[in-house]
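Presented below is the structure to which this report refers.
Reckoned from all heavy atoms, side chains included, excluding hydrogens, waters and symmetry mates. Letters A, B, ... are given to chains in the order of the sequence lines, protein chains preceding strands, and every chain is numbered from 1.
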Amino acid sequence: MALRALVGVKRVVDYAVRVRVKPDKTGVVTDGVKHSMNPFDEIAVEEAVRLKEKKIVSEIVAVSCGPTQSQETLRTALAMGVDKAVHVEVTGPEYNNLQPIHVAKILAKLATEQKADLVIVGKQAIDDDCNQTAQMTAAFLDWPQAVFASKIEKEGDGLTVTREIDGGLETIKVKLPAVISADLRLNEPRYATLPNIMKAKKKPLEKKTPKDLGVDVSPRIEVVSVEDPPTREAGAKVEDVDQLIEKLKKLGRI
Amino acid sequence: NGTLVIAEHDNTALRSITLNAVGAASKIGNEVTVLVAGKDCAKAAEQASKIDGVKRVLLADNAALEGFLAERLTPVILASQKQFSFTHIIAGATAFGKGLLPRVAAKLDVSPVSDVIGIKDAETFVRTIYAGNAIQTLKSKDPIKIISVRGTSFEAVAVGSNSAPQEKAPDSDLASDKSEFVKQEIVKSDRPELTSAKTVISGGRGMKNGENFKILYALADKLGAAVGASRAAVDAGFCSNDLQVGQTGKIVAPELYIAIGISGAIQHLAGMKDSKTIVAINKDPEAPIFQVADIGLVADLFKAVPEMTQKL
């Protein structure tokens, strides 16, 4: 029996943008800055699409939580091969304080509503760098988790997953339904082609709010400040290897 | 008030990150309890009893805990939490801690704080966002604080003459068959571990291929150094992902970091800029890595690195 997959996609400041801290230290500048799909979520979408191509997955639903512009991210997912999308609209101050705990509750509710057997998300978002959503979604659903996945294989009624751990790799088996988080080496995401981008515009995109899903998004933290990291002064250049060795010896590093 | 530190270990010995996590716990000022959970992990628990400043060690030794699956460790932590009403739960920000703590936090309806680099007080924590390009200070409003801490940001506590009492962790349901541990393949190496090495030598795209990494290994062996790589080198298939230094890989802060053929992308800098001395060898004098390097050498790495190895 083919599986139903739910993928989470977050709209973030593009990885190539040099972020700037706001002068009032409340956050970073996001207005007028290029945004794209979180790179780890692209890997999650790609994996779901490949599982569909292998007939392991029958339908893929993408979810994004955020302001109206999150729909652009969902259209990208649809153009990559996702079948339908759900935009959970969160705006303004609520969006500023939206955290993995809230998103995980939303994903857990939608996974139940959509009768998903598999939830795949990126291992972390490159804006808040939290690395929590998959683990928390799994906990809310009481499903097993296979996080930092670099290989996924269907075996019997479960999945065999290779995980990236410190110092090497780990293999675990999880029963379905399960939650997976995608690590860097899981796959290389495809680019959406123009015909697929056109087709994606016609695919269904449903709108919901956290309230519709019964999820409380009130803030769990208070941001005290966001500041620039301490800068590091560039040192001197040396002419050759001899000078380099001499300097390192003087510093007592070798 | 009490703090629970989840020990990371291989059943026979504690991983060094556990000592950094206890260091972070001591900053909060509560009584510190260390949980050692695993299969045949009495030796690791013995070692935990000797960590300076630890009040008690909870031991959960059970065959079901082989492989440290989050689904089975979570009930152990929840049962311990229930018995002792800890106000703080801390683990290292490693694959182990990052995989486990959010699951525990969700079960307690707490928003966890990941990869903490500073503790201001019992509820105010400092962490990096945007690959280290901004530093966020936040107050947690939850009644229980669940945090993972970056090892390089907290001093390791000594394993000394302490002999904290051990007790059995409260019973919990370990019967979950939702997940199953199959195997671990840890890359065996005589070189020191990347995150705790005093010297790290990393190669980037400038290495051109995986085979060329052997010149880095030769230099590393001379210096007793660990070898790392930039994400560009990993993406290009030169080496495996567990060598990756950067925001999405390992965060290192050795005494000496030598970046070879690495341009210095933001995400790489995030993983190594707290190193005490940074050396860059790159043939491009404009490479951004030189802006953070204490000592820069503009040279062909294929000449400079073997020359350095030979002269040391």
Residue part contacting chain A, namely of A293(B), when any heavy atom lies under 4.5 Å: backbone
Cationic N near anionic O, under 4.0 Å, R253(A) to E255(B): yes
For chain A, the option from E123(B), K139(B), K250(B) that forms the most heavy-atom pairs under 4.5 Å: K139(B)
4.5 Å side-chain heavy-atom contact, S148(B) and Q132(A): no
Chain A interface, residue from L269(B), V126(B), V110(B) that has the most non-hydrogen pairs under 4.5 Å: V110(B)
Chain A contacts, top residue of A95(B), S240(B), S179(B) (heavy-atom pairs, under 4.5 Å): A95(B)
Non-hydrogen side-chain atoms of I186(B) and I165(A) separated by less than 4.5 Å: yes
Option passing side-chain contact (heavy atoms from CB on, under 4.5 Å) with Y130(B) (candidates V21(A), V13(A), V226(A)): V13(A)
Donor-acceptor under 3.5 Å (Q135(A) side chain, L100(B) main chain): no
Most contacts with chain A, counted as non-hydrogen pairs under 4.5 angstrom, among V298(B), V279(B), D115(B): V279(B)
Pair I17(B)-D166(A), side-chain contact (heavy atoms from CB on, under 4.5 Å): steps then yes or no: CA-CA 12 Å; I17(B) 182 76; D166(A) 297 317; over 6 Å; no
Chain A contact via L69(B) - side chain, backbone, both or neither, heavy atoms under 4.5 Å: side chain
V28(A), part contacting chain B, at a heavy-atom distance under 4.5 Å: side chain
Contacting moiety of V104(B), where chain A heavy atoms sit under 4.5 Å: neither
From CD1 (I126(A)) to CD1 (I266(B)), nearest 0.5 Å: 10.0 Å
Under 3.5 Å: donor-acceptor pair, side chain of R232(A), backbone of D294(B): no
Q124(A) vs S114(B) side-chain heavy atoms within contact, under 4.5 Å: no
Exam field: side chain Q184(B) to backbone G168(A), donor-acceptor pair closer than 3.5 Å: no
Closest-packed option against chain A by number of heavy-atom pairs under 4.5 Å, given V182(B), D242(B), L256(B): V182(B)
Sidechain-backbone polar pair: Q99(A) side chain, S111(B) backbone, donor-acceptor under 3.5 Å: no
Derivation and outcome, side-chain contact (heavy atoms from CB on, under 4.5 Å), residues L184(A) and D235(B): CA-CA 9 Å; L184(A) 205 57; D235(B) 279 352; 4.0 Å; yes
Residue K276(B) versus chain A: region with a heavy atom under 4.5 Å: both
Heavy-atom closest pair, residues G67(B) and E170(A): O-OE1, 4.2 Å
Chain A contact via E71(B) - which portion, at a heavy-atom distance below 4.5 Å: side chain
Student check: side-chain heavy atoms of K98(B) and F148(A) closer than 4.5 Å: yes
Part of R15(B) within contact of chain A (heavy atom distance under 4.5 Å): neither
L251(A) CG to I295(B) CD1 distance, which is reported to the nearest 0.5 Å: 5.5 Å
Test: D142(A) and K107(B) ion pair at under 4.0 Å: yes
Chain B contact via V147(A) - which portion, at a heavy-atom distance below 4.5 Å: side chain
Worked check of side-chain contact (heavy atoms from CB on, under 4.5 Å) between K247(A) and L297(B): CA-CA 12 Å; K247(A) 260 201 147 169; L297(B) 174 61; over 6 Å; no
Max heavy-atom pair count under 4.5 Å with chain A, selected residue of Q267(B), R231(B), E193(B): R231(B)
Side-chain donor/acceptor of R220(A) to backbone N/O of D109(B), under 3.5 Å: yes
